[in-house]
Structures are given as structure tokens and as C-alpha cells.
Amino acid sequence: MNAPHALRTPLHGIRVVEFEGIGPGPLAARMLADMGAEVVALTRAEQAAAAQRLGGAAENPLRRGKTVEVIDLKSPDGKVRALDQIAQADVLIEGYRPGVMERLGFGPAECAARNPRLVYGRMTGWGQDGPLAQSAGHDLNYVALTGLLSLSARKGQAPIVPPTVLGDAAGALGLAFGVACALVDARATGRGRVVDAAIVDIVAMLGTLVHWIRANGQIDGAQPSPFHDSPFYDVYACADGGFISLAAVEPTFHALLLSKLGLTDVDPADQYDTATWPALKQRIAALIRSLPQAHWSELLEGSDACFAPVLSLAEAVRHPHNTARGIYQSTPSGAIEAATAPRFQALNATTQETRK
């Protein structure tokens, strides 16, 4: 049997020019690079202050797969060079405050004059318009304004500060999705368009599942919530200081969890009887706290009890499932890098494997 041909990357042949900013814009451009696009990042000679402080001198993983070109956008030569790049590109990505690209002479109108099929991606926190459009902000602020940050709080406590994945990375993914959609249309019509990717918009949209659950009174209300108050959806402390997560929402999985925990006197049919939740939660918490994390992993991992240990980043790199899928790798310097996602297979190869 002949070896299968290497699968062509989905964005092979797409050219992207990125006006490098910080955080979500560069991440969106790297996502496109991971999918096979040719990305040229136009950057300043000196790294932005926030990037210097947060990333230090380590190699910038947001530049993976890109060609980096130092350029002075305010100089005549730099402007000519940038416009030449734009004329040859399929996509432009920028992450400045609204109006900055226009003042530099690279706004949508100027770029369309050079390249009418250009997809012009704009990454901001608040969006291109609205009362807050010109205000500074960061990930935490945008998530707070969507209402979703409030859902991380237990009753009477302050909301937790979530990892920047929730705002910045979600915004990057939203921009990459918007660019990919606009590329399909630009290829069909020969006309580009502006993609206004605001983190506040994208995070709010990603909250659709929560909005649906809220409409049924299961979260963000006065009554107990399965996601905040139930014994079957929570994080529990172990004897060795580690933690585990349980998320057995479905009745079948909940019944299995009770069985594996040895709670045979608890009726699985009472899963959503909220009056039973406080006592059962205390009982499960005491049980989990009596033994180390490794014990619970051995007992529950790989079953339908909806379990996972809470891992540090370093532990996640070494976990057998993540190792088997090649999700992470450690660089010689000790930095952690995640593999490209999502993954692709040829449709005919998948069909052949299914038939075996």
C-alpha cells in the first residue's frame, strides 16, 4: 500500500501582513500561520513595554511560523514597504486603538485602494465604536463587562481572576474565525471586507450556552445552581494539597460517580434535589480530602465519572493523554509550547479508517 500524501495545510498560499501589537492580535496571526498561511509581522525595533515585562527575554511563541520584519511605519521608506506588503496580501491584521491605523495612513480605505480583495482584521477589546472604544483596557475588564466574570464567584465571595485565555485568547480565536469566513467570500467575489473583532463581543457570544442555561433558571439566579452549588460539579481538595475536578452532570455519569465513591446509600435519582446538595457536598469533600490526588486519578480517570485532576502547567505537559496526543512540548529553555489545533485529516483517509 502506498504511503499517504502529506495533507496540505488549509490556508496554504494565503498571505497575511500583521501590524504587530500585543496579545490577541499576534495570537490570531499565529493561528493563521499554524494553518499554513504565510505571515509577515511588521514590528517596531523596541518591544512594547507590556511584552517586555510579561514575556521577558524568552523567545516569543506568538512569532512562531512568521517572518518578522522590523519597520518604522512613520518613515517614508517604512510606509512604502508596508503598503507594498499590503498590496500583495490576502489578509491584514492590526490591534491598535480605533483610528490609529487611519492616522498612520493604513486605514481600510487606503488599503482598499491598493488591494480591493483584502480582508482587514481589526482586533480590539471594546470594538471600533461605542462609548468605551477609545478607552484602555485588558482581558479582565472585557470579560467583566460581558457579565460572565460574575459567574466565577461563589455566593458572598469575589469573582476569581480567570486566565487570559478567557478574553485575549477567545478574542484571537474569534478574529481568526472571522478572517477565515471573510476569506471565503473574498475569494468568491473579489471584494474584501473589514472584520471588527472585539473581545467583549466575542466573549459575550461564547456565553451563549450560559445564556441558555440562565433562561431555565439554572445559573445567575436566586435558586441553587448545578454549576455553583451542586456536589457533582466542583473542584475538591485532596489530602496531599492537590485538587480534582468532578463534572458528572448527566444522571448516568452521576450514578457511576456515586458508585465509584462508595456512596451506595445515596439515591442517584435525587441528583437534582437541591435540598440534599449541601450535606452531600460536605460528605464528598471530606472523602476526597482523606486521600491523595493520585488515588482519585487511579480510581476515576478514564471512566465516565467525568473526572480530571487539576494539573499545573508542568504536570499537564507530562500527563499521559496529553503526551499521547502530542499536545505540549518543552523547549530546551524549559518553555512550554502547545501544538497546532484543530487537527485535520483527509476525508478519504478518515473514511477508509472507519471501514476497517
Side-chain angles (χ1 to χ4, degrees), residues 5-21 24-43 62-63 65-69 71 73 76-124 127-130 133 170-199 201-202 205 340-342 344 346-348:
H5 295 293
L7 194 62
R8 194 170 92 156
T9 50
L11 295 183
H12 175 81
I14 297 296
R15 296 173 62 90
V16 180
V17 57
E18 172 198 350
F19 286 70
E20 190 181 57
L27 179 56
R30 204 201 86 171
M31 290 175 181
L32 299 179
D34 284 348
M35 293 296 117
E38 301 172 32
V39 180
V40 176
L42 306 181
T43 185
L62 298 179
R63 290 178 172 177
K66 303 177 185 179
T67 299
V68 179
E69 185 173 330
I71 194 168
L73 296 174
D77 289 345
K79 184 170 183 177
V80 168
R81 175 61 181 158
L83 288 172
D84 286 344
Q85 292 278 8
I86 291 167
Q88 302 172 52
D90 299 288
V91 178
L92 180 152
I93 286 180
E94 63 93 2
Y96 302 141
R97 288 198 205 196
V100 171
M101 286 290 280
E102 285 82 352
R103 290 194 293 274
L104 288 170
F106 304 110
E110 292 88 351
C111 292
R114 290 286 187 114
N115 185 349
R117 61 184 176 79
L118 184 72
V119 173
Y120 195 108
R122 316 199 80 166
M123 182 83 260
T124 61
Q128 293 298 311
D129 53 33
L173 188 59
L175 175 57
F177 172 70
V179 164
C181 291
L183 273 171
V184 174
D185 184 62
R187 285 290 177 92
T189 65
R191 296 188 302 273
R193 62 175 68 199
V194 174
V195 180
D196 177 3
I199 294 174
D201 296 353
I202 294 163
M205 179 271 295
T340 299
F344 299 88
L347 183 60
N348 60 346

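The basis for the numbers below is simple: all heavy atoms, side chains too, and nothing from hydrogens, waters or symmetry mates. Numbers here simply count residues along the sequence, with the first being 1.
Nearest approach of Gly192 to Ala186, heavy atoms of both residues: CA-CB, 4.4 Å. For the residue pair Tyr120 and Gly107, the shortest heavy atom distance occurs at OH-CA, 3.6 Å. Contact between Leu118 and Cys111 at its shortest, heavy atoms only, is CD2-CB, 3.7 Å. Lys66 and Ala41 get closest at one heavy-atom pair: CD-CB, 4.3 Å. The two residues Met35 and Pro342 have their closest heavy-atom pair at CE-O, 3.7 Å. Taking both residues in full, the closest heavy atoms of Ala176 and Met31 are given as CB-SD, 4.1 Å, listed atom of the first, atom of the second, then distance.
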Using side-chain contact (heavy atoms from CB on, under 4.5 Å), reason through Glu94 and Phe106 one step at a time and then give a plain yes or no. CA-CA 10 Å; Glu94 63 93 2; Phe106 304 110; over 6 Å; no
For the pair Gln85 and Ile71, evaluate side-chain contact (heavy atoms from CB on, under 4.5 Å) and give the outcome as yes or no after the intermediate values. CA-CA 12 Å; Gln85 292 278 8; Ile71 194 168; over 6 Å; no
Passes side-chain contact (heavy atoms from CB on, under 4.5 Å), Leu183 versus Ile14? Steps please. CA-CA 9 Å; Leu183 273 171; Ile14 297 296; 4.1 Å; yes
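Distance check, rounded to the nearest 0.5 Å: CD1 of Ile202 to CG of Asp196 gives 8.5 Å. Remark: Ile86 CD1 to Leu42 CG distance equals 7.5 Å, nearest 0.5 Å. In this structure, CG in Leu175 is found 5.0 Å from CD1 in Ile93, a value given to the nearest 0.5 Å. Atom CG of Leu73 sits about 7.5 Å away from atom CE of Met101, to the nearest 0.5 Å. Between the CE atom in Met123 and the CD atom in Glu18 there is a gap of 12.5 Å [rounded to 0.5 Å].
Contacts of Arg81 classified as salt bridge (charged side-chain N to carboxylate O under 4.0 Å, His left out), with partners at least two apart in sequence or in another chain: Glu69. Remark: Arg8 pairs with no residue by the salt bridge (charged side-chain N to carboxylate O under 4.0 Å, His left out) rule, at least two apart or across chains. Applying the salt bridge (charged side-chain N to carboxylate O under 4.0 Å, His left out) test to Arg193 and every residue at least two apart in sequence or in another chain returns Asp185. By the side chain to side chain donor-acceptor pair (under 3.5 Å) test, Asp34 pairs with Arg30, Arg64, sequence neighbours left out.
Listed by first and then second residue, the side chain to side chain donor-acceptor pair (under 3.5 Å) pairs that reach into residues 95-105 are Glu102-Arg122, sequence neighbours excluded. Sequence neighbours left out, the pairs with a member in residues 109-118 that pass side chain to side chain donor-acceptor pair (under 3.5 Å) are Asp90-Arg117.
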